[in-house]
Amino acid sequence: MALPGSAVQLRRILAHFPQELSLAFAYGSGVFRQAGAAAGLSANDMLDFVFAVDDSVTWHMMNLLKNKSHYSFLKFLGPKQISNIQNYGAGIYYNTLVPFHGRMIKYGVIGTKFLIEDLLHWKTLYVAGRLQKPVKILTQNENGKLQAALVSNLKSAVTAAFLMLPESFCEEDLYMQIAGLSYSGDFRMIIGEDGLKVQNIVKLNVPHFQKLYANILQDCPQVVYKHQLGRLEIDKSPEGQFTQLMALPRTLQQKLTALVDPPGKNRDVEEILLQVAHDPDCGLVVRQGISGIVRSSSLVQSAKTILTAGLKKSMTYSMRKMYKMTKGWLRKTS
């Protein structure tokens with residue numbers, strides 16, 4: 001029998017869906033053990049998937065034929081309307097709390113073009129944020145633009161983390177910053193998520209983070225990566241920070257511009273980022289910019305859940321999140 005969250009079990013589940021996928025991956029506590037959870041991977045943990053598809057309307061049409069029961073009342077509107085709803089907010093449509101061969105699963109569907117846009121420019125940081133943390137890739141086609149965007153997203157995550165870290169830090173600190181990017185500004189971290197979530201993700205998965213980021217760190221000219229010691233040193237001079245700011249994704253640069261530039265001045269982005277680079281609170285400004293991206297996309301996506309999951313499943317899912325949050329709070333205070 002396949003272990004919970006094993007590659008065999010995940011691919012068996014994947015086989016029950018339309019196979020026209022540019023990328024499919026599994027993530028979360030059902031796949032990677034997290035600190036604070038029960039020892040090992042539990043069969044009670046929900047398995048989380050994301051499917052990237054080139055044609056959302058066609059994919060939903062085929063999935064409605066195969067798995068109509070997965071959808072809320074929106075199935076009666078048809079695949080075109082489902083695809084239209086998908087495109088709001090973070091551009092992803094989730095079917096959640098789906099019973100599947102003795103497991104509970106949740107899967108999101110996102111258009112390949114929308115995903116590439118998010119990976120390159122951090123338009124919402126919703127799925128891009130998922131892919132900054134360890135995931136289990138189940139299938140991936142030979143889309144050169146998607147592959148380049150996946151690498152670009154990881155490099156951007158490192159750059160943003162550098163701007164929020166001191167001159168010298170340990171490797172785990174870097175991964176804590178990276179893992180926290182997509183939760184910064186997410187209201188669910190206040191209501192509905194375990195307050196130790198980021199720490200729990202990183203603590204037992206440092207080797208998985210190293211596999212994702214080691215080559216990027218070794219090739220980065222702005223960091224001294226002492227792999228054997230697990231420590232890093234970066235250039236925190238205004239010149240070094242300006243180089244990093246200029247390498248950030250476009251949406252984040254726009255957020256920083258809006259934060260720093262008074263209305264009516266209309267200075268160019270390079271001039272504003274140079275000012276930020278000289279600011280002692282440069283890291284805080286970057287964090288505020290990231291929070292602005294995450295806040296808006298997480299709010300809209302959560303509102304969509306009421307439609308895509310239906311009222312009953314939405315309430316059940318929220319209760320599960322509240323239970324996890326309470327457990328995390330109790331661990332923190334004990």
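Along the sequence shown, residues carry numbers from 1. Please read these numbers as outputs of a predicted model, since none were measured by experiment.
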Beyond-backbone contact of [X] with [Y], side-chain heavy atoms, under 4.5 angstrom:
{"X": "V224", "Y": "R231", "value": "no"}
{"X": "L120", "Y": "N153", "value": "no"}
{"X": "V53", "Y": "E20", "value": "no"}
{"X": "R295", "Y": "L299", "value": "yes"}
{"X": "I82", "Y": "L77", "value": "no"}
{"X": "Q275", "Y": "R267", "value": "yes"}

Taking [X] for its side chain and [Y] for its backbone only, find out whether a donor-acceptor pair lies under 3.5 Å.
{"X": "S296", "Y": "I293", "result": "yes"}
{"X": "S152", "Y": "A148", "result": "no"}
{"X": "K304", "Y": "Q86", "result": "yes"}
{"X": "N205", "Y": "H208", "result": "no"}
{"X": "Q177", "Y": "L165", "result": "no"}
{"X": "S184", "Y": "G180", "result": "no"}
{"X": "T159", "Y": "K155", "result": "yes"}
{"X": "K133", "Y": "G129", "result": "yes"}
{"X": "D281", "Y": "L284", "result": "no"}

So does [X] have more than 12 non-hydrogen atoms from other groups sitting under 6.0 Å from [atom1]?
{"X": "E172", "atom1": "CD", "answer": "yes"}
{"X": "K236", "atom1": "NZ", "answer": "yes"}
{"X": "K113", "atom1": "NZ", "answer": "no"}

Flag for [Y]-[X]: side-chain donor and acceptor within less than 3.5 Å:
{"X": "Q140", "Y": "Q147", "result": "yes"}
{"X": "R130", "Y": "S182", "result": "no"}
{"X": "D48", "Y": "Y107", "result": "no"}
{"X": "D54", "Y": "W59", "result": "no"}
{"X": "S22", "Y": "T112", "result": "yes"}

How many angstroms lie between [atom1] in [X] and [atom2] in [Y], if you round to the nearest 0.5 Å?
{"X": "L274", "Y": "M246", "atom1": "CG", "atom2": "CE", "answer": "9.5 Å"}
{"X": "F114", "Y": "L119", "atom1": "CZ", "atom2": "CG", "answer": "11.0 Å"}
{"X": "I92", "Y": "L115", "atom1": "CD1", "atom2": "CG", "answer": "8.5 Å"}
{"X": "L181", "Y": "I290", "atom1": "CG", "atom2": "CD1", "answer": "5.0 Å"}
{"X": "L273", "Y": "Q241", "atom1": "CG", "atom2": "CD", "answer": "11.5 Å"}
{"X": "L229", "Y": "C170", "atom1": "CG", "atom2": "SG", "answer": "11.5 Å"}

Original post:
Does the pair Y71 and N63 meet the rule for a side chain to side chain donor-acceptor pair (under 3.5 Å), with working shown?
Top reply: CA-CA 10 Å; Y71 291 80; N63 198 43; 3.0 Å; yes

Minimum-distance pair of heavy atoms, taken over all atoms of [X] and [Y]:
{"X": "I234", "Y": "F162", "result": "CD1-O, 3.3 Å"}
{"X": "S297", "Y": "Y126", "result": "OG-CD1, 4.4 Å"}
{"X": "L21", "Y": "N141", "result": "O-ND2, 4.1 Å"}
{"X": "V286", "Y": "L252", "result": "O-CD1, 4.1 Å"}
{"X": "L256", "Y": "G289", "result": "CD2-CA, 4.3 Å"}
{"X": "K203", "Y": "V206", "result": "O-CG2, 4.2 Å"}

Original post:
Should the pair Y93 and H60 be assigned to parallel (<30°), tilted (30 to 60°) or perpendicular (>60°) ring geometry?
Top reply: perpendicular

Original post:
Can you say whether the rings of F100 and H70 are parallel (under 30°), tilted (30 to 60°) or perpendicular (over 60°)?
Top reply: perpendicular

Subject >> Ion pair K123/D118, N-O distance below 4.0 Å >> reply: no

Original post:
Are E233 and K226 within salt-bridge range, i.e. N to O under 4.0 Å?
Top reply: yes

Original post:
Which residue pairs pass the side chain to side chain donor-acceptor pair (under 3.5 Å) test with at least one member in residues 247-258, sequence neighbours excluded?
Top reply: E117-R250

Original post:
Could K106 and Y94 be counted as a cation-pi pair, given that NZ or CZ must be under 6.0 Å from the ring centre and within 45° of the axis?
Top reply: yes

Subject >> is_close_aromatic(F17, F51), centroid dist under 6.0 Å >> reply: yes

Subject >> Check: F49 ring centroid to F25 ring centroid under 6.0 Å >> reply: no

Subject >> V50/V127 under side-chain contact (heavy atoms from CB on, under 4.5 Å): CA gap, chis, key distance, verdict >> reply: CA-CA 8 Å; V50 167; V127 180; 4.3 Å; yes

Original post:
After noting the C-alpha distance and the side-chain angles of E171 and F209, does the key distance pass the side-chain contact (heavy atoms from CB on, under 4.5 Å) rule?
Top reply: CA-CA 10 Å; E171 204 168 346; F209 278 94; over 6 Å; no

Without placing hydrogens or testing angles, list every side-chain donor-acceptor pair under 3.5 Å for residues 212-222, not counting sequence neighbours.
from	atom 1	to	atom 2	distance (Å)
Y213	OH	Q132	O	2.6
Q222	OE1	Q244	NE2	3.4
Q222	NE2	G240	O	3.2

